[in-house]
Peer 1: 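The structure is given below, and queries will be raised subsequently.
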Amino acid sequence: MGFQDWPLMIFSLLAQLATGSFVVLGIVRFSTNQKERETDYYRLLDRGWIGSFVIMVIALIVSLIHLGSPLNAPLTILNIGSAWLSREILFGLLFAFFAGLFTLFQWQRIGSRKLRDTCFVLGGLAGIALVYSMSMIYRYVETQPSWNTPWTTVMFFLTAGLLGNLAVAAVVSTNFLSSGDKTKTQDPWYRKVLRGTSIAALVFIGLDVLVYLLYILGLFYGVPAAQETAKLILGSFGILFSLRILFVLVGSMLGGLFLIRLLGNQNQKNLLVSMAYSAFAFVLAAEGISRFLFYSVKVRIGI
Amino acid sequence: MAKQLAFYFDASTCIDCKTCQIACKDKNNNPLGLNYRRVVNYGAGSWIPDAVHKELFIPTNFFAYNVSSACMHCEEPICVEVCPTGAMHKRDDGIVLVDDSKCVGCRLCQQACPYGAPQYNEAKGVMTKCDLCADLLEIGQETACVASCPQRALEVGELADLRKKYGSINAIEPLPKAIYTKPSIVITPHPRSQYSGKGTGKILNPMEV
């Protein structure tokens with residue numbers, strides 16, 4: 001366990017945040033009707049997409065840090081035939097390409113709506129393929145029982161879903177509440193987006209905790225190397241494990257309070273914005289810890 | 001031409017002198033911490049205290065044996081399967097090699113191999129591993145480990161021939177079960193050897209291997 005795992009941890013979290021928020025923004029976009037789209041504040045979605053693209057580019061750059069010979073990086077897509085790592089890199093590049101193209105077109109209003117929709121769908125599909133192949137890299141390694149489980153895929157998608165929803169909720173709430181205009185804070189479109197993303201985030205958080213506990217339980221009943229991993233996570237790394245659960249609970253409470261205040265029409269602006277951001281921060285920290293444990297605490301079968 | 005070159009190891013005669021390990025390290029000029037061949041000590045046992053004579057402990061269930069392990073040049077090498085660049089490859093004669101002009105140093109092969117064969121060379125920034133002394137075999141010499149073993153416990157040959165000669169055991173503790181990679185190894189077990197996955201002992205020199 002050393003610093004060699006940190007770039008991977010940051011890459012996987014950022015890539016999942018980028019794909020998650022890209023897809024969530026898309027859902028918001030497609031569920032917005034034509035009339036609402038005319039409004040200028042609808043443009044804040046553009047900023048979200050720019051953010052998602054930039055985060056993905058940062059993730060790709062960070063991923064290079066863990067390589068011993070980064071100059072050979074262009075060769076890493078050569079083994080598409082058998083290596084999920086090659087597939088991950090291919091889909092990562094495709095996602096970055098289509099997300100970038102779509103963001104540019106959408107931001108500058110270039111091309112027809114159909115063209116932009118096509119770019120978005122291709123980007124979204126590449127993003128989903130990216131998260132899937134990312135998880136398959138680890139599931140494929142039969143000799144690492146804490147990786148070689150279907151939960152890996154489930155956890156990666158849950159991370160993308162919950163970070164995506166929380167990020168969108170946090171970004172939209174800032175724009176929503178920083179506008180001094182009283183009519184805007186009552187705007188039904190903003191309220192709908194905030195309600196939708198925060199409810200979705202809470203559902204994802206619930207599933208995330210449940211799945212994580214089932215994953216640890218699965219390790220306990222697995223082969224000896226899996227049992228050793230579970231013992232390490234709950235033993236030597238027990239503090240991190242507890243913090244992971246604590247952070248996600250605090251995050252979900254903040255998210256819950258945010259939703260209650262929003263529904264109750266209590267619009268103390270600064271408080272709401274702080275709640276959205278701190279919920280995001282706590283959950284991001286919790287996901288960071290569980291990803292750290294995923295990469296660093298593992299017992300391989302064999303010698 | 002050989003179809004699948006393989007190592008043979010005789011656990012019943014190995015005395016844990018580690019000459020093979022040192023010969024290998026010397027031949028490959030490996031830095032501290034990098035050992036393509038490692039001798040693993042495996043065993044178990046406990047003591048039963050005497051109720052009256054407090055200083056007396058009766059040994060029980062003691063056993064220990066050694067396994068000299070390098071790359072198994074597997075028939076289904078997981079390192080080759082996970083390698084994103086194709087730097088890790090299997091030659092026609094079965095030898096698994098790293099092409100260091102292609103290796104990107106992502107270390108996924110290291111995470112995957114259950115024999116700890118691919119090892120990362122910090123200074124070079126690439127993975128390195130046992131190449132079955134292909135250069136020596138080419139000029140008709142023996143590999144460094146085989147040539148150095150005072151017990152004649154190691155041998156290199158065609159897998160099929162070795163199996164005809166010594167049988168076809170390929171998994172004893174503490175090596176993993178053969179299901180993961182189909183290792184090209186033929187082992188004569190020690191009388192106390194245990195089958196992989198059914199072991200009751202543990203690796204006695206974990207820091208060393």
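Lettering follows sequence order; numbering is per chain, from 1. Owing to the predicted nature of the structure, the values given are computational and were not obtained by experimental measurement.
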Peer 1: Contact part of B/Lys124 toward chain A, heavy-atom cut-off under 4.5 Å: side chain, backbone, both or neither?
Peer 2: backbone
Peer 1: Report which part of B/Cys103 has an atom under 4.5 Å of a heavy atom belonging to chain A: side chain, backbone, both, or neither.
Peer 2: backbone
Peer 1: Tell me whether B/Asp100 is salt-bridged to B/Lys129, with the criterion being a basic N under 4.0 Å from an acidic carboxylate O.
Peer 2: no
Peer 1: Between B/Ser196, B/Pro206, B/Cys113, which residue shows the highest count of heavy-atom pairs closer than 4.5 Å to chain A?
Peer 2: B/Cys113
Peer 1: Parallel, tilted or perpendicular: which describes the rings of A/Tyr215 and A/Phe294, with under 30° parallel and over 60° perpendicular?
Peer 2: tilted
Peer 1: Strictly by modelled atom types, are A/Tyr221 and A/Gln227 linked by a side-chain donor-acceptor pair under 3.5 Å?
Peer 2: no
Peer 1: Check whether B/His73 reaches the backbone of B/Val96 with its side chain - one donor and one acceptor, N or O, closer than 3.5 Å.
Peer 2: yes
Peer 1: So for B/Val40, is it side chain, backbone, both, or neither that comes closer than 4.5 Å to the heavy atoms of chain A?
Peer 2: side chain
Peer 1: Mind ranking A/Leu85, A/Leu78, A/Thr76 by heavy-atom pairs under 4.5 Å with chain B and telling me who comes out on top?
Peer 2: A/Thr76
Peer 1: Given a strict heavy-atom distance threshold of 4.5 Å, which part of A/Leu71 is in contact with chain B: side chain, backbone, both, or neither?
Peer 2: neither
Peer 1: Applying the side chain to side chain donor-acceptor pair (under 3.5 Å) test to A/Tyr295, which of A/Trp147, A/Tyr138, A/Trp6 qualifies?
Peer 2: A/Tyr138
Peer 1: For each of B/Cys83, B/Pro176, B/Pro84, tally heavy-atom pairs with chain A at distances under 4.5 Å, and name the one with the top tally.
Peer 2: B/Pro84
Peer 1: Taking the side chain as everything from C-beta on, heavy atoms only, tell me whether B/Glu173 gets closer than 4.5 Å to B/Thr200.
Peer 2: no
Peer 1: Looking at chain A, which one of B/Pro114, B/Ser101, B/Gly105, B/Ala117 has the largest number of heavy-atom pairs inside 4.5 Å, strictly under?
Peer 2: B/Pro114
Peer 1: List the steps, then state whether salt bridge (charged side-chain N to carboxylate O under 4.0 Å, His left out) holds for B/Lys90 with B/Glu75.
Peer 2: CA-CA 9 Å; B/Lys90 194 168 170 67; B/Glu75 292 183 74; over 6 Å; no
Peer 1: Under 4.5 Å from any heavy atom of chain A, what part of B/Ser69 do you find: side chain, backbone, both or neither?
Peer 2: side chain
Peer 1: If the condition is side-chain contact (heavy atoms from CB on, under 4.5 Å), which residues does B/Pro150 pass it with, not counting sequence neighbours?
Peer 2: B/Cys17, B/Thr19
Peer 1: Can you tell which part of A/Glu142 gets under 4.5 Å to a heavy atom of chain B, answering side chain, backbone, both or neither?
Peer 2: both
Peer 1: Under 4.5 Å from any heavy atom of chain A, what part of B/Val67 do you find: side chain, backbone, both or neither?
Peer 2: neither
